[in-house]
Amino acid sequence: MFTGIITRVGRIGRVESLGADAAHGVRLTVEAGADYLQDVALGDSIAINGACMTVTTLDVPVGAFTVDVSAESLARTAGLDRPGPVNLEKAMRPQDRLGGHIVSGHVDGVGTVTRLAPVGESWNLRVLAPPALARYLAYKGSITVNGVSLTVNAVEDRTDGCEVSINLIPHTMQHTALGMLGVGARVNLEVDMIARYVERMLSLAAAPTADR
């Protein structure tokens with residue numbers, strides 16, 4: 001479980017194939033810094049661009065760890081198949097402050113950046129989400145973009161999906177990898193967990209009851 005508050009911008013330094021065909025995944029070597037890994041152990045969960053992964057090897061002095069990403073995960077996420085900067089968050093502890101919202105680290109879909117432009121001291125980020133996620137997105141609701149907990153400022157339903165508009169304050173731009181995105185970039189999206197449960201409850205309430 002996570003909060004969507006990024007604790008380090010790391011870097012995928014190496015991508016190794018785990019097999020010869022598309023059924024195999026990859027092993028990522030992630031550079032995070034020795035100080036960041038002092039309290040990390042083998043088997044711990046770390047969200048990488050919003051996708052929950054398990055630490056499989058750990059080299060604290062070097063400041064790096066590895067995770068194995070399955071072919072299924074690669075097919076349902078973006079940015080985990082090549083070297084580059086990534087947002088990192090360690091799993092939440094019971095005594096931590098919940099500064100963002102409840103995040104599972106399970107990516108619901110991949111969106112596309114349609115705008116990233118300065119507005120005053122902040123930046124406006126717009127992301128086109130897949131049509132299947134539209135029912136979970138609402139004004140002032142929460143969404144996770146590449147692991148970052150964000151508030152939706154506007155929602156526009158389109159024929160090709162749902163475009164959400166988000167305000168990024170300078171702190172977010174400075175302490176995450178969102179500022180490195182460009183128009184057309186693919187990003188990992190996770191909708192609000194509470195919205196998923198509400199949708200499920202409403203769908204069951206509307207369903208006809210089987211005769212007994």
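Fair warning: this is a prediction, and the values are worked out from it, not measured in the lab.
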### Message
Check whether Thr66 reaches the backbone of Thr57 with its side chain - one donor and one acceptor, N or O, closer than 3.5 Å.
### Response
yes
#### Entry: Main-chain N/O of Ile143 paired with Glu190 side-chain donor or acceptor, under 3.5 Å
no
### Task
State yes or no: do Leu88 and Ile5 share one hydrophobic cluster built from I, L, V, M, F, W and Y residues joined by side-chain heavy-atom distances below 4.5 Å, directly or via other members?
no
### Message
Please find the pair of heavy atoms, one from Val9 and one from His175, that lie closest to each other, and give the distance.
### Response
CG2-O, 3.6 Å
#### Entry: Heavy-atom closest pair, residues Thr172 and Thr176
O-OG1, 2.7 Å
### Message
Evaluate Val191 against Leu137 for side chain to side chain contact (heavy atoms under 4.5 Å, CB included), listing each step before the verdict.
### Response
CA-CA 7 Å; Val191 300; Leu137 303 174; 4.2 Å; yes
### Summary
Taken to the nearest 0.5 Å, the spacing of Asp157 CG from Asp160 CG works out to 10.5 Å
### Query
So, do Val113 and Val187 sit near enough that their side-chain heavy atoms are less than 4.5 Å apart?
yes
### Within 45° cone and under 6.0 Å: Lys90 NZ/CZ vs Phe2 ring
no
### Query
Between His101 and Asp192, is any pair of side-chain heavy atoms under 4.5 Å apart?
yes
### Task
Could you walk me through whether Thr112 and Val183 pass side chain to side chain contact (heavy atoms under 4.5 Å, CB included), step by step?
CA-CA 8 Å; Thr112 303; Val183 173; over 6 Å; no
### Task
Flag the pair Thr77 / Asn49 as yes when at least one side-chain heavy-atom distance between them is below 4.5 Å, and no otherwise.
no
### Query
Within a strict 4.5 Å, meaning less than it, do heavy atoms of the Arg11 and Val30 side chains meet?
no
### Query
Should the heavy atoms of other residues, nucleotides or ligands under 6.0 Å from CZ of Arg14 be counted, would the total exceed 12?
no
### Task
For the pair Arg8 and Asp35, find out whether any cationic side-chain nitrogen is under 4.0 Å from an anionic carboxylate oxygen.
yes
### Query
For residues Ser149 and Thr144, is any side-chain donor paired with an opposing acceptor at under 3.5 Å?
no
### Task
Assess whether side chain to side chain contact (heavy atoms under 4.5 Å, CB included) is satisfied between Ile102 and Ile194, documenting all intermediate values.
CA-CA 8 Å; Ile102 299 174; Ile194 296 173; 5.6 Å; no
### Summary
Scanning both residues in full, the closest heavy-atom pair of Gly179 with Leu116 reads O-CD2, 4.3 Å
### Any donor-acceptor pair under 3.5 Å from Ser203 side chain to Arg200 backbone
yes
### Message
Quick check on Arg196: does its CZ atom have over 12 non-hydrogen neighbours (other residues, nucleotides or ligands) under 6.0 Å away?
### Response
yes
### Task
Say whether, by atom type as modelled, one donor and one acceptor occur between the side chain of Asn188 and the main chain of Val110 under 3.5 angstrom.
no
### Pairwise side-chain contact, Val15 with Arg27, heavy-atom cut-off 4.5 Å (strictly under)
no
### Message
If hydrophobic clusters are built by linking Ile, Leu, Val, Met, Phe, Trp and Tyr wherever their side-chain heavy atoms come under 4.5 Å apart, do Ile48 and Leu74 end up in the same one?
### Response
yes
### Task
First locate atom CG of Leu128, then atom CD of Glu156, and finally report the distance between them rounded to the nearest 0.5 Å.
9.5 Å
### Query
How many angstroms lie between atom CD1 of Ile169 and atom CD of Gln174, to the nearest 0.5 angstrom?
9.0 Å
### Message
Thr114 and side-chain hydrogen bond (donor to acceptor under 3.5 Å, both in side chains): which single residue from Glu163, Arg126, Arg158 fits?
### Response
Glu163
### Query
So do Arg82 and Ile12 actually touch side chain to side chain, heavy atoms under 4.5 Å?
no
### Query
Do Val152 and Trp123 belong to the same hydrophobic cluster, where Ile, Leu, Val, Met, Phe, Trp and Tyr are linked whenever their side-chain heavy atoms lie under 4.5 Å apart, directly or via other members?
yes
### Distance-only side-chain donor-acceptor flag, Ser165 / Asn124, under 3.5 Å
yes
## Note on the structure
Heavy-atom closest pair (Ala185 atom, Leu181 atom, distance to 0.1 Å) is CB-CD2, 4.1 Å
### Task
Consider only side-chain heavy atoms of I, L, V, M, F, W and Y, link residues closer than 4.5 Å, and tell whether Leu125 and Val155 are in one cluster.
yes
### Main-chain N/O of Val69 paired with Ser73 side-chain donor or acceptor, under 3.5 Å
no
### Query
Should Arg76 and Asp108 count as an ion pair when the cut-off is N to O under 4.0 Å?
no
### Heavy-atom side-chain proximity of Cys162 to Pro131 below 4.5 angstrom
no
### Query
Say you draw a straight line from CG of Leu150 to CG of Leu168; how long is it, rounded to the nearest 0.5 Å?
6.0 Å
### Query
Are Asn87 and Leu178 close enough, and set up right, to give a side chain to side chain contact (heavy atoms under 4.5 Å, CB included), and what steps lead you there?
CA-CA 8 Å; Asn87 295 316; Leu178 294 183; 4.2 Å; yes
#### Entry: Result of checking Val55, Thr56, Thr54, Thr29 against Phe65 for side chain to side chain contact (heavy atoms under 4.5 Å, CB included)
Val55
### Closest approach of Ala71 to Ala23 (non-hydrogen atoms, all atoms of both residues)
CB-O, 3.6 Å
### Minimum side-chain heavy-atom gap Leu37-Leu58 below 4.5 Å
yes
#### Entry: Hphob cluster co-occupancy, Leu133 + Val148, side-chain heavy atoms under 4.5 angstrom
yes
### Query
Minimum heavy-atom separation for Ala51 to Leu80, with atom names?
CB-CD1, 4.0 Å
